[in-house]
Each structure stands twice: as C-alpha cells, then as structure tokens.
Number of protein chains: 2
Amino acid sequence: MIPPDGRRRVLIKDVFPEIDCGRFPVKRTVGEQVAVEANIFADGHEALSCRLLHRRAGAENWIETPMAFLGNDRWRGTFRVEETGRYVYTLRAWVDRFLSWRKDLTKRVEAGHDASVDFLVGAQILEEALKKAAETDRKKLSSWLQTFRAPGREKEKIQLSLADEFAAVMTRYPEDQMATPYEKELSVVVDPVKARFSTWYEMFPRSCAPRPGEPGSFRDCEARLPYVAAMGFDVLYLPPIHPIGRVHRKGKNNLPHGGEGEAGSPWAIGSAEGGHKAVHPQLGTLQDFQRLCAKAKGYGIEIALDIAFQCAPDHPYTKEHREWFRWRPDGTVQYAENPPKKYEDIIPFDFQTIRWRELWEELRSIFFFWAEQGVRVFRVDNPHTKPFPLWEWIIGAVKEKYPEVIFLAEAFTRPSVMYHLAKCGFTQSYTYFAWRNTKQEITRYFTELNRTEVKEYFRPNLWPNTPDILPEYLQMGGRPAFMARLVLAATLGASYGIYGPAFELGENIPREFGGEEYLDSEKYEIKKWDLNRPDSLKEFVARVNRIRKESPALQENWNLKIHPVDNEQLICYSKHTEDLADFVLVIVNLDPHHRHSGWVDLSLEDLGVDPKKTYQVHDLLTEARYLWTGSRNYVEIDPKIVPAHIFRLRRRIRTERDFDYFL
Amino acid sequence: MIPPDGRRRVLIKDVFPEIDCGRFPVKRTVGEQVAVEANIFADGHEALSCRLLHRRAGAENWIETPMAFLGNDRWRGTFRVEETGRYVYTLRAWVDRFLSWRKDLTKRVEAGHDASVDFLVGAQILEEALKKAAETDRKKLSSWLQTFRAPGREKEKIQLSLADEFAAVMTRYPEDQMATPYEKELSVVVDPVKARFSTWYEMFPRSCAPRPGEPGSFRDCEARLPYVAAMGFDVLYLPPIHPIGRVHRKGKNNLPHGGEGEAGSPWAIGSAEGGHKAVHPQLGTLQDFQRLCAKAKGYGIEIALDIAFQCAPDHPYTKEHREWFRWRPDGTVQYAENPPKKYEDIIPFDFQTIRWRELWEELRSIFFFWAEQGVRVFRVDNPHTKPFPLWEWIIGAVKEKYPEVIFLAEAFTRPSVMYHLAKCGFTQSYTYFAWRNTKQEITRYFTELNRTEVKEYFRPNLWPNTPDILPEYLQMGGRPAFMARLVLAATLGASYGIYGPAFELGENIPREFGGEEYLDSEKYEIKKWDLNRPDSLKEFVARVNRIRKESPALQENWNLKIHPVDNEQLICYSKHTEDLADFVLVIVNLDPHHRHSGWVDLSLEDLGVDPKKTYQVHDLLTEARYLWTGSRNYVEIDPKIVPAHIFRLRRRIRTERDFDYFL
C-alpha cells in the first residue's frame, strides 16, 4: 500500500529513553532534566529541524524545544520537570527548506559561484514566511523581500542571507507542513526528591520498649525518634504493624507451633483482632500511629509501612472471602510453600480466583487506607509473587491521587523480574548489593545499574543487611566489615538503608553456618537492644549520613565513576555534581582483615584539576588532608582504623600569598 | 484502568529478533533457521510452558513449536523457512498447572513429605485433561485417573506421576485458557540462497568490444561470459544500459561539456532514444539483452541491472512530466548538485512534487518492466537520495510478485541511513569494507555486522573497488594489496564483488593524489582491457572463488570469529559450518610491503580438535600443508608470494596404521 503522504521524508528512530517500545514511563525527581536523544534523518543532503515536545499529562499545549545536532544523525534535546506527577514527551522534525537554502548558498558563495537564482529562490521562501508572520516581524520580512527581488545588489543580498537576525526571524516561520511527528508519546513519572535521595532505617516497633521482655509500642517508637534522627535517617521503616495470626504461629528461630507465649512473625498478618487495616493492639491504636507519623515528620523522618499481601490462617479475610484462597480437595487451605519449605503461618491469596476483581479492589484499598492516615512511603513485601498488572494498577491509582508516594519493591529474585516490577511503577527497588562484595562484582553491577537503560526506570536502594539477610561478609569480617559495607551502601547509592539496631551494634551470628538468617532473629521474637554499647557504630553512621547530606554529589547515582587502583582489595570511585563544584572520591579497603595499599589512577580532566598544580583531598571521615599531584597517587588503608576514605576534592590551595594554609 | 483479565500472569518481553519494535521484518534465505528468544516469566515460582508460533504469511494455521528454557527467564525456539516469501511468527506462554504440580510433587516426595493431597489435586488436573482428550488418549487418562482416586497405592501413584509417558500425554492437553499471547506478529522475509551467498562481477558492456575504440554490445558481453564464468562469478552486474543523454554530456575524466565525440556517463540516463525502459542503441536491442540474460543463466550467472532514478536533461520524462522536476524561478531546471560540486548532466526527481503518486507509480513500473524481461537482480544507485517509504513500497510490491528478486543498495552514507535502507527491504547492501584496512577496523566493523541486531536485516556485500572507489590501499600496495583485499572480501563476506577487469588487472592510478577516482575512469569513456596480460590476477580470483564454492563455511556470515595473533599486521579469523565438518581458517598479512610472522592463538574447543593430537592445516591457495599442535602456532607470510593463507582444518591425521600419509 502506498503511504498516505510519501512526501514526509524525515525519520525519527532509536529514541532514548524509551522503555519497551514506549510501554512504560521513565522516572525522574522534581527539578531533574530529561535528556532525549534520537536518530533523525532524511533522504538526501538537506538540513533538518528537530524539536522535542513535552507537557504535563493532561495539559493542552506542547512546549517545543529545539534539539541540537550531535553528529552522525544523532539529535538531543532536554526539558526540566518541575512538579510531581506525569509528563509526556514526543518529537517532530522536518526537512528545513530555509536552512537547506542557506547552507547551499553559503557553500556556493564560498566557491565563488553565481548565486543569482538562489536569491530568487530565497525570495520565494521569504514570501511563504511573510504569509504566516506575526505583525512584529512583517515589516522586516517585507523589506528583506524587497532586497532579494531588487536587481543586482549582490553583496547586500549575501550579507543579508548570512545575517543572524535574518535566520532568527525565518526560523520562527518554518515550512513544516511535511513535518514527521514521532509516532509515540512517551511518559515520565516525576517523584519527590526523596525518591532519589533517601536514608532508611528499619526497626521493629515491638523491640523498642525500655524494659526487657515487654513489647514495645508506638509510644516507645516516639521515644526512639531522637536516636534515629541523630544518626541522620529520613525514612523509618516498620515491619507490618497489624495483628499477628495465632493459628500456626511460629516460635523463636522460625520453629513451627510456637504457641501462646510467642510473639510470632509480623508478616503472618491478621487475627480476630483485624487484618491489613488494623493495628496490633500491643503497639497501640490507629491514633497512636498517626501521632508517631506526625512526630517523625517533626524530625524530618517519614514513616514507611510494610505492605505484605498475605494472611495468617485466622485473618478475617479467610472467613469473609473464602474464594480469595485456594482450597484443596481435602478441604484444607493451601498455605505458602516453596517445596520442601513450608510456611504454615501464612496463606497466600489465590490470584487465579474468578473473584480477582474484588480481591484487587480490596488490596488497593489497603494502600489508600494507609495513605489517608498520612503514610507516604510503602515498602512492599515480595511483590514478585503477585501479578505484575496488579502493581501497575495499584501504583498508578495511588500516585494519581498522591503523586508524592514512594513504593519500595522488596523483590530478591531474577533480574528480569526485578526490572519489570520497577517498570510497573515501583519508585525504588532492593538490589543484589548484599551479595556484591568484590571490586569486580561491584563494578559490573553498578555499571549495569547506572550506565544502561536500567537507570531510567530502576532506582536502587542498597541494604547491607535486612532481617532476612546477614551476608557472610558481615558474619566474618567483624567491625571493619560493617563499616566498609556502610560506606559502600551510603556512597554507591543515593538511597540506602540498614536494619538496626542489629547493624550499628554489629550483630553477626547466623542461625546456622552457611546460612544468612540471624540467630534468634527479631522476626520471631521481641529483642532488647543495648543502644549505648561502647562499640556501637552509631557515631560512624551519623558521620557518614552527615557527609551524604552535605554532599550533593552523593545524592545522585548516574554520576558514579569507578577508577583504577592497582590492588584488587581497594575500590575507588567518584561522584560529582555536574559543575564539578562538589567532587567526592571514595576509596574502600574491601578486605576487612588486612591493611592494603595501592596507586589510584585518576583522569585530572574528570577532576577538573590543573595538571601542573597540587590539589588536596580531604577525608571527611577522619578530617585528614593529603596533598596530591598528578594522576597517580598512593593510598594505604588499615581496616582496623577506618576501612575507607571519603575524600572531598579541594582544588584551590592557598600559598604564601594567602597567609593562611588551606581553604 | 483495571486490565480485562488480571489472571493472565505471564509476560513475554525482550523478544529477539524484533526490529524497531516489530516494524520491520528480519531476513533469512531458503532453508535457514529462525531462532527466537524471549524473556518469559510470571509472578511466583510456578512452571511455565512457552511456544513459538509461525506460519507463511496468509496461511491460516499456526505451527507451534515448544521453546526450551535457557536459564534466567530466557527461552528459545526455532523454526526453519523452506520457501521464498514472507513468514510471520509470534509467541504464547502460560503458567502450566500440570508441570507446576509435578515439580512440587517431585520435591515433596524427595523430602519425604506426605503427598496424599497432591494426588487428589492431580486427579483434578487429569479430569480437565480428559475433557479435552483425543479418543486415542482417553483410555489411558481414565485409567490413570482411577489410580489417583484409589485409596492408598502411594508408591504406584508416585511412579505414575513421574512417568515420562504420563507427562507426554498431559502436555497435549494443557490448561492454557489464561495463556498470554505475545502482542505482536513479527515477520521474516525469505530470500533465495543467492541473497546470502553471491559472487559479483561489475563490467561495462561498452568496453567489451574486441576491437579498440569501438563500443561494445550485448553480443560482445556474451563472448565475455566464459571469461567471467571461469573466474567463478555468479552475478554479472552491468552499469545502466539505457540511452545516455546528450545535453551537458560529460567528457573524459568528468570534464564538463564533453561534446558529440564523447561516450558520456551511463548514469546520465535518457535521451530522444528513450529512458529507463529503453536500451542504448549501441548495446543492441531489448531482444539482444534478453538473449544475454539467457546465455548468462546457462553459465549459472544472473545479470544484475543498475537502476538509477535520475535523468539526463534530455530524458523523455523532462518533457512529458515537467512537474516531476524542480523548476527554478529563472525557468531553468534544478540539476544535481552538492555545492560546490555540480552534476549538470543529471537532473534529480523532485520527490516533493504534488504529483508524487504518479511519479512513484512510474518508478515502480521500471522494476516491473525489467523483471518481466527476466532480470532478478537489481543494483540500486544512491537509494539514500530518494524517499525511504518509496523503497519499502517498491521492494514490497516487486517481491510480492517475484519473491526471488535481489535488491542491492548502493548507499555509501551514514550508518543509520544504510541500516534503515536495509530495514526498508534491500536484500543486500554495500558496506564500508573499502575503507576498513587495519586489524582493529576490520574486527570492529565485522563485529558490528555479525554480532549485533544488524545481522538480522543487513546483508553486507563487500567490494574492494568500484568504478567510483579506488581505495588508497590499492593505489599504494601493488599486486599484494589486490590479492589481500580480494581474500578479505571473499572470505569475510559470503557476498562480495569486484569491478573488473580493472581489479584483476591491478588498475591503480588515481585521477589525483589524495582522491579515490580512477584516472581515465571507465565511467566517462570506453576502455579496451588486455585480459590476457601475464600479470592478471584472473587465475588467483578463480582459485579464491572455487574455494568459496567448495566451502559451505564461507557461504555464511554469522559464523565469523576473529582470533588473536601477536602481530598487528596479521589478521586471523575462522568460519565453520555448525557441525564443524567444514572449518576454514584465514590469515592475511595486511602489510603489502613486508613479510610478517606471528603466533596464532586458537581455542581448540572451537576447532573441535583433541588437545592431545596433532592436526593439519591445508592451505587451499597454495596446497601447502602444515602440522599444528596445541592452541598456539607460528605463521609467516610473505606478501610478495601470497599475502594470505586460506587453511582448511583437517583433524584426522593418518598414522603408520593407515599406510598412507594424510587424509
């Protein structure tokens, strides 16, 4: 079939970013830029004009931005997103008759060829522009037209043709009837800044009581807020706060048949006391929870709730909505399992139920319920075991009403699944960071996260530990391991979190050797932590978080660059603001047992350093300062002291002329 | 918006091959395989079934092939294309209740857990299968159902559950109501084998006369066929055969105003004697042309015509269809130019004309006209200066009627444009080969062509020279340069061509130093070539082409692998058939001036060689044979003798037990 108009000659191809042929949006935070690139070309040698178009979703008018030519058919344009919510963007381009004419004319004049016909053609183009011109431009255009039409006056005509003002006016009235519109409208979801830069602390409210053995409450959590705030966290994440099932309740260390005296797992949600919209009576009331949220905000802390779509056998749903669960031929309900593992205290929903619509509506209402209580951050438990379209639908709906809400996906599974959940709308995602320990592993993983298309939709949140994950590195490396992993998490990722107080207290005993579960895990019992132990890392955590807050460079991810060091146990990387004003260089000794030294190789151009001058690196962890010169410098790190440097680069070094020492 | 059925849980993503979100087809030749991969996954841990579906375009029924699991959510299926024309393919996948049940049961049995409920569930699944089962399977299914329903008999039930036959029957009746169909149907264009493996010779018919100074004719071309066939070519490509314009005809060496005595450029098409559907009277008649085509076929040679969509100023179109050209304000027509260069003997079509539909129809009819004369191979001149949609439309229409037709795109321009023309339908494409001389250049370029998505739609045709391109390497390297470039073209590319007799006669004088045009170029004058010059490379060309014909490995591109040699002037690469039966190893000395030696590094596993045994490499160019052992072997190449080895690998070496020496 012949196309409707064979005269649309421009092609717009290989647009970046464009996720899954435009099916999913990219992500930004308020104030960030969206840089859009595309291959744009036409047959022949004529000049093109290309525009990037954007608008807030639902807005009527496009805002057009000219795109710049990067060479080799690649064009680039940018726009800035200023509000949370959705934006859309697309492109258009056309063969620009005016620019082509001007380009050829310039070459002809340079070659000394006759250009008299060109001026006649120029007059034709001017006439077209005049038809569309605004009142303010008409007079100019008419006078230029007179010039082109006049006989002779070649010098004057050439001068006019090449004049900037002439081009500026003409560019306002392009002959763009045959412009090619890009066939898709692509989306951007704009989140609050906290979606990009956040510092999480996970804590079990029931372990916050001042007296050992007693269950903690929301009031006790309030008392803990100054402690959390002093360490510099801005998200306080609580495991599920709902009533815990009594049927098949687990005992300490995940033993089956815990019985009455046991606290049970907070993830076994629901009992006669209520389900996903209720609060565990020992924690307090809904009012107490609201009070905690309000107090936390006073410290600059958001409370994050854990939403786990699963039920204890005595959850009210199991009676009210039997058809949401899978009943087996023997009349029993299908509990959660991953054979041979059994989780008898948990019943999954049966998403294959014919009542799936009703189930989905109810699940969505849980998020709305908590959003109405003021919760703006959700950590979603195991989203990869629920249908993907469910998440896209829930997150879309919640963010339509509350665009500032942050969803963190807790999915530790295969990469394609983790990435797909992010595409479906999760604002942040857990990562494989806990198992990336060597220089090569870290380099490879963070290259994938920050240098490929992944960066456009997947925002990593790095956790050195969780209540489920005590990595072997922490089990065996002692205090230096905890410090090194903290520095890595906090500086490799603009968002990171720790599960405390287990982390700052260096809790490192696994339930069994070769496993990653904690001995006497807080998941199954109430703990009493001694926060004032002299070996607590709380001061170190506070210092690292203060460095993050004071360094805009550490609040982004895409600026990460890894630099060579000639020692496999030392990793060196930098982050910097676009203007290089803030430049942070991190060097970590990955071996928690031995002192290591090596030569760090830097590109002075990347650093913005004059190769002829000395510069200073200022260790923000220890306040030590070193004078470096050239691209190759020596470092030596003893993990027994501090296993890392976090250097701020200081380029301007004072001399005797400044009377004082260093800036 | 809630999706229509939230129970479709499987996702099919990152399908390969899929060009530009499925907008363009991939290419294959008759008998080749299409291997399709995709990331296929669902929420949860259940087992999936995935199918690849294909059919000839227009056929009613899909042919389903099971896909194999490659790990990490990646699945792969293949089908074979047996006829020229179009095929389509798509995928479907579902959560497989039977396979999931069987997987969990197996684990439960291994763990020694009770499985009695599983057998009841199994009975339910069997019942569903029974509803759909073919007569032949019913009896078996019923008896199995009895077993599962019977009390006790656990051992028997387990045995049955794990039996292969049980799985084979059950797999025929899957519960696939909730299968996810992939949302796109993707296409394959299937070309004749010659589209992949072809050996081209370009020749000016007018230079074929036996007597110097006289213009050659189609009859003279007939006499030249044995010469071309003896060298082993199977496509004979003729520059445009139409009447040549008289107005502004170019003289020798592209001088303007050639005048009556000049032959003119065959690309300045059309005069009072006719246009694109006429034959130059000096060449003969249309009947003579048909006779030449028929004779050529007798030698296994296809005649390829050059289609150049442009006109001499006296082409009949310029009078009959004035509106197809751009008339300037001074009443003159716009001739071809790329300022400051002028091509006064050529007028381009104005594709912006409002009569574009009429113009397109006429241009398409030119291809149909020559296809009706029996032409099955077209070399298209400068397709990148005509609208892309025009090509997609013409090639689609021609191949609908003549699916065996081959279109070669002569576009030497930016990569995105060359690749886009291939997507629009060109069967083969000229490449940058002429300017890829060093080991690094060759490695990088052929990795891009054979190891990226490009391979799916872009079929390279390698030319060491053309009438427009005498590369500097050939200008300066003498006879060894011609031999080396021939070997590279003929072995790096399954399709290649030379412009002769300039090539085999080593013509290497440029019109000006620093340029790439031939002195006294055949484009502007009739030449008389001395084919029997003793220094002619015709025997060498014939030998190389014979090797190509006898080595299936050299008739493909995707099997190219480049191996390390510790000398930058030596390049080593291999091609092999899938079964390794034919394994060809090529080593070329890229320096035409000096002897070079080096150590070649091979992976014996790739070679299919037993590391403990000696193997033989047999040079097909010189018949020399070398015994090699292990992965590292020495080579030394003197370009003054032969600048390359084309080794065939011989693994089976006879010993004293065989009485004879080598196989």
Side-chain angles (χ1 to χ4, degrees), chain A residues 1-3 5-9 11 13-14 20-22 39 41-45 72-74 95 103-105 107-108 110-111 113 116-117 120-121 123-124 178 328-330 332 337-340 342 351-353 356-357 360-361 383-390 392-393 414-417 420, chain B residues 1-3 5-9 11 13-14 20-22 39 41-45 72-74 103-108 110-111 113 116-117 120-121 123-124 178 328-330 332 337-340 342 351-353 356-357 360-361 383-390 392-393 414-417 420:
Chain A
M1 277 238 314
I2 202 156
D5 200 326
R7 289 177 298 173
R8 282 192 205 285
R9 291 161 49 204
L11 284 147
K13 293 275 160 193
D14 298 299
D20 288 13
C21 301
N39 283 353
F41 52 92
D43 56 280
H45 308 287
N72 211 7
D73 293 324
R74 199 80 181 150
V95 173
K103 182 177 83 170
D104 283 358
L105 176 71
K107 286 187 193 160
R108 224 186 303 277
E110 277 167 10
H113 293 178
S116 53
V117 183
L120 295 177
V121 174
Q124 288 180 336
M178 289 298 155
R328 303 192 297 180
D330 66 342
T332 61
E337 60 167 358
N338 191 1
K342 299 178 183 181
F351 287 97
Q352 297 298 104
T353 171
W356 64 274
R357 271 197 188 81
W360 282 32
E361 296 281 357
H384 59 292
T385 59
K386 288 94 198 173
F388 302 105
L390 171 71
E392 194 174 6
W393 178 71
R414 286 114 46 212
S416 48
V417 174
H420 192 72
Chain B
M1 276 239 317
I2 204 156
D5 200 326
R7 290 178 298 172
R8 282 190 205 286
R9 291 162 49 203
L11 283 148
K13 292 277 160 192
D14 298 299
D20 288 13
C21 301
N39 285 352
F41 52 91
D43 55 281
H45 309 287
N72 211 6
D73 293 324
R74 200 79 181 151
K103 184 178 82 171
D104 283 358
L105 177 71
T106 309
K107 286 187 193 159
R108 225 186 302 277
E110 278 167 7
H113 293 180
S116 52
V117 184
L120 296 178
V121 175
Q124 288 179 336
M178 289 297 155
R328 303 192 296 180
D330 66 343
T332 62
E337 59 167 356
N338 191 1
K342 297 177 183 182
F351 286 97
Q352 298 297 102
T353 172
W356 64 273
R357 273 200 186 78
W360 281 31
E361 296 282 357
H384 59 293
T385 58
K386 287 94 197 173
F388 301 105
L390 171 71
E392 193 172 7
W393 178 70
R414 285 118 41 214
S416 48
V417 173
H420 192 72

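Here is how names work: the chains are called A, B, and so on, in the same order as the sequence lines, proteins then strands, and each is numbered from 1.
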For chain B, the option from R7(A), M1(A), R328(A) that forms the most heavy-atom pairs under 4.5 Å: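 Of the options given, most contacts go to R7(A).
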Taking every non-hydrogen pair under 4.5 Å, which of N39(A), D330(A), V117(A) racks up the most with chain B?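 Sorted descending by pairs with chain B, the first entry is V117(A).
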Counting heavy-atom pairs under 4.5 Å with chain A, which one of [options] comes out on top?
| options | result |
| --- | --- |
| N72(B), I2(B), L120(B) | I2(B) |
| M178(B), R8(B), K342(B), K103(B) | K342(B) |
| P387(B), A42(B), P415(B) | P387(B) |
| R9(B), R108(B), Q352(B) | Q352(B) |
| P3(B), S116(B), A111(B), P389(B) | P3(B) |
| E392(B), R414(B), K107(B) | R414(B) |

Contact origin within L105(B) toward chain A - heavy atom pairs under 4.5 Å: neither
Please classify the contact between D104(B) and chain A as side chain, backbone, both or neither, with a heavy-atom cut-off of under 4.5 Å. both
Can you tell me how far apart NE2 (H420(B)) and CG (D73(A)) are? Round to the nearest 0.5 Å.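 H420(B) atom NE2 to D73(A) atom CG measures 11.5 Å (nearest 0.5 Å).
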Is any side-chain heavy atom of D43(A) closer than 4.5 Å to a side-chain heavy atom of H384(B)?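 In short, these two side chains do not touch, never coming nearer than 4.5 Å.
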Side-chain heavy-atom pair K13(B), S416(A) within 4.5 angstrom cut-off: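 Side chain of K13(B) against side chain of S416(A), heavy atoms only: no contact under 4.5 Å found.
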Identify which part of L390(A) has an atom lying under 4.5 Å from any heavy atom of chain B, answering side chain, backbone, both or neither.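 Contact with chain B involves no heavy atom of L390(A) at all.
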Heavy-atom contact with chain B under 4.5 Å, split by part of E337(A):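 For E337(A), the side chain is the part near chain B, not the backbone.
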Please list, chain by chain and in numerical order, all residues satisfying ring-ring contact (aromatic ring centres under 6.0 Å, His included) with W356(A), sequence neighbours excluded.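 Only W360(A) meet the ring-ring contact (aromatic ring centres under 6.0 Å, His included) criterion with W356(A).
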